[in-house]
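The first residue in the sequence is number 1, and the count goes up from there.
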Amino acid sequence: MKLSEMREKTVDELKQFVVDSKKQLLEARIKKSMHKLESTAEISKTKRLVAQAKTVIKEKEIEVKNA
């Protein structure tokens with residue numbers, strides 16, 4: 001998901017995305033420990049997406065407070 005797509009979503013949708021992404025991250029880490037993960041770059045990409053989603057959530061919350 002691109003950053004522009006994240007900005008179009010609601011806060012609740014983004015929070016659900018963060019939860020789902022963290023589940024994927026846990027599964028990827030488990031696969032890595034079992035040497036079954038094909039692409040280790042998946043872990044860093046997922047972490048980056050979670051951070052971006054959290055940033056957009058924070059921006060939207062600040063926007064609501066200032067409005």
Side-chain angles (χ1 to χ4, degrees):
M1 178 182 308
K2 293 184 178 182
L3 191 57
S4 59
E5 294 172 2
M6 283 186 196
R7 292 189 193 281
E8 294 173 1
K9 294 188 180 265
T10 65
V11 173
D12 292 332
E13 290 174 334
L14 288 171
K15 286 182 179 180
Q16 185 60 42
F17 175 76
V18 169
V19 170
D20 294 340
S21 295
K22 285 190 173 192
K23 286 179 185 176
Q24 289 177 350
L25 187 59
L26 177 64
E27 291 173 6
R29 286 179 175 157
I30 290 170
K31 285 181 183 179
K32 181 183 175 193
S33 69
M34 295 170 40
H35 302 288
K36 293 185 178 180
L37 186 64
E38 294 178 12
S39 173
T40 56
E42 180 181 329
I43 293 173
S44 61
K45 287 179 185 177
T46 306
K47 287 170 63 175
R48 186 174 297 118
L49 284 173
V50 169
Q52 287 176 342
K54 285 183 174 184
T55 301
V56 173
I57 290 170
K58 193 62 140 175
E59 287 174 354
K60 287 181 181 260
E61 289 175 347
I62 290 172
E63 185 178 296
V64 169
K65 286 182 182 178
N66 291 337

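Scored by the salt bridge (charged side-chain N to carboxylate O under 4.0 Å, His left out) test, Arg7 finds Glu59 as partners (sequence neighbours excluded). Residues that satisfy the side chain to side chain donor-acceptor pair (under 3.5 Å) test with Gln16, not counting sequence neighbours, are Asp20. Listed by chain and number, the residues in a side-chain contact (heavy atoms from CB on, under 4.5 Å) with Leu49 are Met6, Phe17, Gln52 (sequence neighbours excluded). Residues meeting the side-chain contact (heavy atoms from CB on, under 4.5 Å) test with Lys2, sequence neighbours left out: Ser4, Glu5. The side-chain contact (heavy atoms from CB on, under 4.5 Å) test applied to Lys23 returns Val19, not counting sequence neighbours.
Taken from NZ in Lys58 to CG in Leu14, the straight-line distance is 14.0 Å, to the nearest 0.5 Å. Within the model, atoms NZ of Lys60 and OG1 of Thr55 stand 13.0 Å from one another, a figure rounded to the nearest 0.5 Å.
Clustering of Ile, Leu, Val, Met, Phe, Trp and Tyr by side-chain heavy atoms under 4.5 Å joins Val64 with none of the others. Residues Leu26, Met34 make up the rest of the hydrophobic cluster containing Ile30, defined by ILVMFWY side-chain heavy atoms closer than 4.5 Å, directly or through other members. Other members of the hydrophobic cluster containing Ile43, listed by chain and number, are Leu25, Leu37; membership follows side-chain contacts under 4.5 Å among ILVMFWY residues, whether direct or relayed.
Distance alone, capped at 3.5 Å, places no donor-acceptor pair between the Lys54 side chain and the Val18 backbone.
Among residue pairs with one or both ends in residues 27-53, none qualify as salt bridge (charged side-chain N to carboxylate O under 4.0 Å, His left out); sequence neighbours excluded.
Residues Val50 and Ser21 come closest through the heavy atom pair CG2-CB, 3.5 Å.
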